[in-house]
**Student:** 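Structure incoming, see below.
Below, read A as the first sequence line, B as the second, and so on, with proteins coming before strands; counting in each chain starts at 1.
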Amino acid sequence: MTKTKEEEVVSEEVVVEPTNKEQKARWTAFLDRYQAQNPVKFAVKKANGEFDKIPDSFIG
Amino acid sequence: MANTLSTYTLRDKYFKSSLETALRNALVAEAICRVDRSDLKRIQNPYITKQTAAIQAVAGTYSVSAMTTTDDALTVSEEVIFGTHVFDFESVTSNFNLAADFLDDLANSVMEKTDVYVLNKLLDDAGSSYTAPAGGFTTAANIPVIFSNLISKVGGYSSGTANEMFVVIENTDLVGLTQAQVASGFNYADMALKNGFVGGYAGVQIYVVRTGTFQTATIGTLTATNVSHRMFGIKKVATWASPRGMRYEEKGVTGKTGKEVVAYMYTGALLWTPKANLFVDIDVSA
């Protein structure tokens with residue numbers, strides 16, 4: 001069954017992951033602190049993509 | 001037909017004279033660090049920047065170089081602390097010495113948190129790095145590869161492989177390591193899991209901590225980004241300062257019967273800058 005244009009739009013909205021602004025803000029602040037504390041390792045880990053995803057265990 | 005007996009008709013005994021405790025984590029910081037318990041705020045260790053001597057045909061001449069020294073200091077920056085209150089009505093009617101048993105548990109909790117801080121601090125100080133193959137320590141085939149790479153990182157230094165090497169892994173890493181040890185014919189079966197020490201591999205002493213010890217989190221004043229990382233290094237190179245060790249107080253407080261008990265420890269840890277490359281930050285995220 002072909003979907004109507006309206007149905008497709010609705011399904012796309014459902015797929016979008018909810019963003020946790022508060023957690024992202026904590027993560028950004030956390031990384032800023034780490035950059036100030038250890039700029040050399042921060043650069044290495046950032047280049048390795050370690051900070052692209054917030055770890056599940058991160059509570060800030 | 002059975003008799004109907006009340007609760008206090010039947011005989012009980014207590015298994016222990018003290019309260020049983022929850023499972024406790026292995027503590028490894030003291031085993032891998034040089035420990036300083038003197039009551040000082042800072043430990044200074046200035047160092048000479050490495051110089052390279054000249055070699056030439058015999059001539060009797062030389063150029064004069066300037067030497068550079070740099071300050072390096074370990075600061076006791078953290079306080080790990082935990083307290084509770086035992087009311088008089090609780091201790092009077094208890095079968096156990098509640099203040100003593102609680103204090104023992106508080107002290108252990110303080111020590112566990114201190115261990116987490118020290119391990120994460122030293123891992124952040126590590127000057128070398130190594131990315132383990134996919135599967136990390138959980139894949140048996142990786143073990144010889146990982147250990148050989150780690151040893152090569154510290155080889156050739158006067159304070160390198162000739163001294164005691166260690167690696168700190170989490171318990172979930174034991175899966176591959178144990179398989180590798182057994183397959184290699186190591187005499188492992190009799191080795192007891194004591195203080196996190198589970199024997200060795202290729203001359204490296206292996207210490208095991210619980211999963212979640214290496215953290216991406218704020219630990220006191222330390223911002224640690226160590227989840228999916230493990231630590232390799234040379235023993236007694238890093239320093240852990242703990243002025244006067246574990247401290248505790250037991251005191252009466254206003255407005256309450258009984259005693260308040262608190263356990264606490266001051267702590268700081270540092271991998272000295274000139275020795276930083278003797279510690280390897282192992283990335284096991286792949």
**Student:** Nearest 0.5 angstrom please: B:Thr225 OG1 to A:Lys41 NZ, how far?
**Tutor:**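 Between atom OG1 of B:Thr225 and atom NZ of A:Lys41 there are 7.5 Å.
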
**Student:** With rounding to the nearest 0.5 angstrom, report the CD to CG distance, A:Glu50 to B:Asn226.
**Tutor:**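 So the CD of A:Glu50 and the CG of B:Asn226 are separated by 9.0 Å.
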
**Student:** Using non-hydrogen atoms and a 4.5 Å limit, figure out which bit of A:Phe42 sits close to chain B: side chain, backbone, both or neither.
**Tutor:**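 Contact with chain B is absent: no heavy atom of A:Phe42 under 4.5 Å.
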
**Student:** Please check if the number of heavy atoms outside B:Phe82 that lie under 6.0 Å from its CZ is greater than 12.
**Tutor:**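 Not buried by this count: 12 neighbours or fewer within 6.0 Å.
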
**Student:** Which value, rounded to the nearest 0.5 Å, describes the distance between B:Thr223 atom OG1 and A:Leu31 atom CG?
**Tutor:**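 Going from OG1 on B:Thr223 over to CG on A:Leu31, the span is 9.5 Å.
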
**Student:** Would you indicate whether A:Lys46, at its atom NZ, is surrounded by more than 12 heavy atoms from other residues, nucleotides or ligands within a distance under 6.0 Å?
**Tutor:**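 Open: at most 12 neighbouring heavy atoms sit under 6.0 Å from NZ of A:Lys46.
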
**Student:** Locate the shortest heavy-atom distance separating B:Thr216 from A:Phe30; write the atom from each residue and the value.
**Tutor:**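 Reported closest heavy-atom pair: CG2-CE2, 3.7 Å.
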
**Student:** Side chain from CB out, backbone as N, CA, C, O: work out which of these in B:Ala224 comes under 4.5 Å of a heavy atom of chain A, or both, or neither.
**Tutor:**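 Just its backbone gets close to chain A.
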
**Student:** Take a 6.0 Å sphere around CZ of B:Arg24 and say whether it holds more than 12 heavy atoms from other residues, nucleotides or ligands.
**Tutor:**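 Count over threshold, so yes.
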
**Student:** Please name the pair of heavy atoms, one in B:Thr221 and one in A:Gln37, separated by the smallest distance, quoted to 0.1 Å.
**Tutor:**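 So the two residues come closest at O-OE1, 3.9 Å.
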
**Student:** Determine the option with the most heavy-atom pairs under 4.5 angstrom with chain A, choosing from B:Asp125, B:Val227, B:Asp281, B:Thr131.
**Tutor:**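 Of the candidates given, the most pairs with chain A belong to B:Asp281.
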
**Student:** Quick one: NZ on A:Lys45 to OG on B:Ser285, what's the gap to the nearest 0.5 Å?
**Tutor:**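 Rounded to the nearest 0.5 Å, the NZ-OG separation comes out at 10.0 Å.
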
**Student:** Is the backbone of A:Asn38 close enough, under 3.5 Å, to the side chain of B:Asp124 for a donor and an acceptor to pair up by distance?
**Tutor:**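 Checked: no pair found.
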
